[in-house]
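As the structure is a computational prediction, the values presented were derived from the model and not from experiment.
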Amino acid sequence: MLSARSVFQEILDNDESFRLFCSVAASGEVQGGWENGRISALVPESRRDLAPKIARHGADEDKHGRIFNALLHKRGLEPMEVPRETDYTMLLEARGIGLAHDKLRRDEPLTEHDIVIYLAHSRVTEQRASAQMTMLRGYFGDHPDLGRAVRMIADDEDNHLAYCHEELLRLAADGYGRTIQRILRESALAEMAVYRDVSLAVMAHMGRLLGWPQPKSALLAAGIHTLHTYERLGGWRRMVSLRMPERRNALGGPARSASGASGAPEAPEFV
């Protein structure tokens, strides 16, 4: 029987498909780490209280990238170059979602409006990341090789999502409510299309690596299109709603290392 769990298991059991999976994941996390690092350095004076939280977010993303690379190393594999059509972060930037990299490369302070854009974009993408990792935690949380990594990353993504909710609500209280809702909607609609395109591209590559028959590939592609249709018809609302999270000040403390200790993130020990 074809299921999401069986497809993921097939991908994880094959070295080349696992290599692609981890490489795509690591690339996105590393890009996110760089973006958050630059934003934390450029936060305007009026929002300097956010800088340590943004830096913590970036440190977590960097840690996730190292975890995925460590999982590759454990199987004697090297990261591969990520196909452009599977680069989620790059494709979002190309659609004008989030803060442009050329802006982040300049040593010019950001504006409060830039911070609104960053947090709204993050709220949408972290919703996706949290949902994906919750699914993987359900499938592989007890896996002898992947379980600890999956559980740690899932918990971090839940923290990131909670942080976005809390900070956007604070900005809304400061008068940015309409701007936040507009940017959330624009970001969600663009993200859904990019996620569909990236998912189709990744599955196409996986199908070639694993030798999937055409009917199986077509069924998986149909599932991706069905999800996109559901999101277009109303599922997008889960990406734009805001509520005060149960996890308050989720990024207010020091980053947690891969060993579980607090402090600066260390090299993951999954090898």
Side-chain angles (χ1 to χ4, degrees), residues 28-29 31-32 35-36 38-40 42-44 46-47 50 53-54 57-58 61 85-104 110-135 157-202 223-248 250-251:
E29 298 287 0
Q31 288 186 66
E35 290 173 1
N36 280 278
R38 290 300 299 153
I39 292 167
S40 71
L42 300 174
V43 171
S46 59
R47 297 289 173 179
L50 280 175
K53 298 178 182 180
I54 299 171
H57 190 176
E61 303 287 8
E85 64 272 19
T86 69
D87 194 329
Y88 173 81
T89 304
M90 182 198 73
L91 292 173
L92 281 174
E93 185 192 3
R95 284 178 173 255
I97 302 303
L99 297 178
H101 284 188
D102 63 345
K103 176 188 284 284
L104 297 181
L110 299 174
T111 65
E112 286 201 359
H113 185 261
D114 290 330
I115 297 302
V116 171
I117 291 173
Y118 151 69
L119 283 168
H121 161 256
S122 296
R123 186 263 176 271
V124 170
T125 56
E126 291 299 339
Q127 179 74 51
R128 183 74 71 185
S130 179
Q132 288 181 319
M133 292 310 303
T134 295
M135 177 181 65
E157 300 297 1
D158 289 345
N159 281 337
H160 299 167
L161 183 57
Y163 145 78
C164 291
H165 275 273
E166 186 171 5
E167 299 305 335
L168 282 170
L169 285 170
R170 287 178 176 163
L171 284 165
D174 288 342
Y176 288 99
R178 290 188 177 182
T179 301
I180 289 169
Q181 283 302 317
R182 175 180 57 80
I183 298 172
L184 282 173
R185 182 180 172 86
E186 292 172 356
S187 298
L189 293 175
E191 191 280 341
M192 290 185 301
V194 168
Y195 181 72
R196 175 202 58 198
D197 294 345
V198 168
S199 297
L200 289 170
V202 169
I224 292 168
H225 284 294
T226 298
L227 172 62
H228 179 254
T229 299
Y230 160 74
E231 292 184 334
R232 286 282 302 178
L233 292 175
W236 57 271
R237 290 184 176 87
R238 79 188 193 284
M239 293 184 172
V240 302
S241 62
L242 293 174
R243 65 185 184 280
M244 190 57 70
E246 293 183 8
R247 300 186 183 196
R248 303 291 293 274
L251 298 187

* To do: Check Val240 against Ala188 and note the closest heavy-atom contact, atom names and distance.
  => CG1-CB, 3.9 Å
* Are Ile54 and Tyr163 close enough, and set up right, to give a side-chain contact (heavy atoms from CB on, under 4.5 Å), and what steps lead you there? -> CA-CA 10 Å; Ile54 299 171; Tyr163 145 78; 3.2 Å; yes
* Distance-only side-chain donor-acceptor flag, Arg185 / Gln181, under 3.5 Å -> no
* To do: Would you give the length of the straight line joining atom CG of Leu110 to atom CG of Leu50, rounded to the nearest 0.5 angstrom?
  => 11.5 Å
* To do: Answer whether the closest heavy-atom distance between the side chains of Arg123 and Ile180 falls below 4.5 Å.
  => no
* I would like to know whether Glu85 and Val198 meet side-chain contact (heavy atoms from CB on, under 4.5 Å); could you show each step before the answer? => CA-CA 6 Å; Glu85 64 272 19; Val198 168; over 6 Å; no
* To do: Look up atom CG in Leu200 and atom OG1 in Thr86, then write down how far apart they are to the nearest 0.5 Å.
  => 12.5 Å
* Considering only NZ, NE, NH1 and NH2 on the basic side and carboxylate oxygens on the acidic side, decide whether Glu167 and Arg47 come within less than 4.0 Å. => no
* Asked: Would His160 and Glu157 count as having a side-chain donor-acceptor pair, cut-off 3.5 Å?
  -> yes
* Asked: Counting N and O atoms only, with roles assigned by atom type, does the side chain of Arg196 sit under 3.5 Å from a partner on the main chain of Ile224, one being a donor and the other an acceptor?
  -> no
* **Main-chain N/O of Thr111 paired with Asp114 side-chain donor or acceptor, under 3.5 Å** => yes
* Straight-line distance of Gln127 CD to Trp236 CH2, nearest 0.5 Å -> 13.5 Å
* Structure fact -> Distance col, row Leu169:CG vs Arg243:CZ, nearest 0.5 angstrom, shows 10.0 Å
* Structure fact -> Between Asp158 and Ser130 the two heavy atoms that sit nearest each other are OD1-OG, 2.7 Å
* OG on Ser122 to CG on Leu99, rounded to 0.5 Å -> 8.5 Å
* Structure fact -> Pro44 and Glu112 have their tightest heavy-atom pair at CG-N, 4.0 Å
* Tell me, with the steps shown, if Glu126 and His57 meet side chain to side chain donor-acceptor pair (under 3.5 Å). => CA-CA 11 Å; Glu126 291 299 339; His57 190 176; 3.0 Å; yes
* Working for side-chain contact (heavy atoms from CB on, under 4.5 Å), residues His113 and Ile183 -> CA-CA 11 Å; His113 185 261; Ile183 298 172; 4.3 Å; yes
* Min side-chain heavy-atom separation Leu104-Glu35 under 4.5 Å -> yes
* Structure fact -> CG (Asn36) and OH (Tyr118) are apart, to the nearest 0.5 Å, by 4.0 Å
* Asked: Is a side-chain donor or acceptor of Arg238 paired with a backbone partner of Gly235 at a separation under 3.5 angstrom?
  -> yes
* To do: Check whether any side-chain heavy atom of Arg38 sits under 4.5 Å from a side-chain heavy atom of His101, and report yes or no.
  => no
* To do: I would like to know whether Gln132 and Arg128 meet side chain to side chain donor-acceptor pair (under 3.5 Å); could you show each step before the answer?
  => CA-CA 6 Å; Gln132 288 181 319; Arg128 183 74 71 185; over 6 Å; no
* For Pro245 against His165, the heavy-atom pair lying closest together -> CD-CB, 4.1 Å
* Hey, mind stepping through Val194 and Ile97 against side-chain contact (heavy atoms from CB on, under 4.5 Å) and telling me if it holds? -> CA-CA 11 Å; Val194 168; Ile97 302 303; over 6 Å; no
* Structure fact -> All heavy atoms of Val116 vs all of Thr179, minimum pair found to be CG1-CG2, 4.2 Å
* Structure fact -> Here the pair of heavy atoms bringing Asn159 nearest to Ala250 is O-CB, 3.4 Å
* Once the angle between the rings of Tyr195 and Tyr88 is folded into 0 to 90°, is it parallel (under 30°), tilted (30 to 60°) or perpendicular (over 60°)? -> perpendicular
* Asked: Salt bridge between Arg247 and Glu166, side-chain N to carboxylate O under 4.0 Å?
  -> no
* Asked: Under 3.5 Å, side chain of Arg248 to main-chain N/O of Ala162, donor-acceptor pair present?
  -> no
